[in-house]
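What follows is a set of notes on a single structure, which appears directly below.
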Amino acid sequence: MHSFITLGIVTSANKELAQRHLLAAGLPCSKKIISSEDVKSGKPDPEGYLLGAKLLGLRIEDILIFEDATADIIAALSSEATLSIIGNCHSACNSEWLKIPDFTHISIKSIENQYIVSTN
């Protein structure tokens with residue numbers, strides 16, 4: 001059984017730069033990008049994530065955020081979304097959160113309103 005995940009991107013970059021990075025990485029350019037141009041307060045304020053949830057038509061509690069930097073992690077935690085840390089960020093606030101080295105070989109499952117993120 002396969003589920004579809006609604007993808008949105010919240011970035012401190014402007015939309016043009018975000019789209020160029022997505023294309024360079026071989027990823028589709030999501031039309032659901034919240035960029036620095038869309039918010040009054042950048043990270044660590046959770047405004048971008050809250051706006052992203054609204055754009056997706058989802059409750060923030062139903063969103064899984066992947067982050068890799070301290071300000072971004074603080075914003076994700078403040079938003080009350082679920083958080084997974086990517087890479088080797090050594091923020092003091094991240095000791096209890098799932099950490100994965102990168103997006104290689106990960107799987108995401110939603111079970112009873114919780115996300116299960118695992119590496120293969």
Side-chain angles (χ1 to χ4, degrees):
M1 173 193 268
H2 294 280
S3 299
F4 292 96
I5 296 173
T6 302
L7 175 66
I9 296 171
V10 177
T11 180
S12 299
N14 63 43
K15 276 192 174 77
E16 181 183 346
L17 181 60
Q19 290 171 338
R20 282 200 317 251
H21 283 184
L22 289 168
L23 290 172
L27 299 170
C29 255
S30 173
K31 293 183 179 179
K32 297 176 180 170
I33 296 176
I34 300 298
S35 71
S36 59
E37 300 139 325
D38 299 312
V39 296
K40 292 179 184 169
S41 300
K43 297 172 187 173
D45 190 286
E47 179 185 2
Y49 295 122
L50 299 172
L51 185 58
K54 184 176 179 181
L55 177 68
L56 295 171
L58 298 171
R59 297 177 320 139
I60 192 69
E61 298 85 4
D62 295 330
I63 291 179
L64 172 61
I65 297 173
F66 293 94
E67 277 302 354
D68 64 350
T70 301
D72 305 339
I73 291 166
I74 292 168
L77 292 172
S78 297
S79 76
E80 299 186 12
T82 301
L83 170 67
S84 180
I85 298 171
I86 299 291
N88 60 1
C89 178
H90 297 292
S91 169
C93 66
N94 71 17
S95 60
E96 66 189 68
W97 299 98
L98 172 68
K99 296 179 189 178
I100 55 179
D102 55 37
F103 287 110
T104 308
H105 307 295
I106 69 165
S107 64
I108 304 168
K109 294 180 184 176
S110 177
I111 300 173
E112 296 180 17
N113 298 324
Q114 293 190 356
Y115 296 100
I116 307 299
V117 179
S118 59
T119 56
N120 301 332

Q. Atom CD1 in I9, atom CD1 in I33: separation rounded to 0.5 Å?
A. 5.0 Å
**Q.** D38: side-chain hydrogen bond (donor to acceptor under 3.5 Å, both in side chains) partners, not counting sequence neighbours
**A.** K15, S35
Q: Kindly give the heavy-atom pair with the smallest separation between K43 and A71, and that separation in Å.
A: CB-O, 4.1 Å
(Q) Restricting to non-hydrogen atoms, name the atom on D72 and the atom on Y49 that form the minimum distance, rounded to 0.1 Å. (A) O-OH, 3.7 Å
Q | Over all atoms of both residues, closest heavy-atom pair of I73 and E67 | A | CG1-CB, 4.1 Å
Q) So do V39 and I34 actually touch side chain to side chain, heavy atoms under 4.5 Å? A) yes
Q: Would you give the length of the straight line joining atom OG of S84 to atom CD1 of I65, rounded to the nearest 0.5 angstrom?
A: 11.0 Å
Q: Could you tell me which non-hydrogen atom of V10 sits nearest to which non-hydrogen atom of G48, and how far apart they are?
A: CG2-O, 3.6 Å
Q) Is it the case that more than 12 heavy atoms not belonging to E47 sit under 6.0 Å from its CD atom? A) yes
Q | Heavy-atom pair of closest approach, residues P44 and I74 | A | CB-CG2, 3.7 Å
Q) When rounded to the nearest 0.5 angstrom, what is the spacing between CD in E80 and CD1 in I60? A) 8.5 Å
(Q) If you compare all heavy atoms of L83 against all heavy atoms of A76, which two are closest, and at what distance to 0.1 Å? (A) CD1-CB, 3.8 Å
Quick one: side chains of residues 16-28, donor-acceptor pairs under 3.5 Å with protein atoms, not counting sequence neighbours, listed by atom name and distance.
{"unit_1": "E16", "atom_1": "OE2", "unit_2": "R20", "atom_2": "NH1", "d": "2.9"}

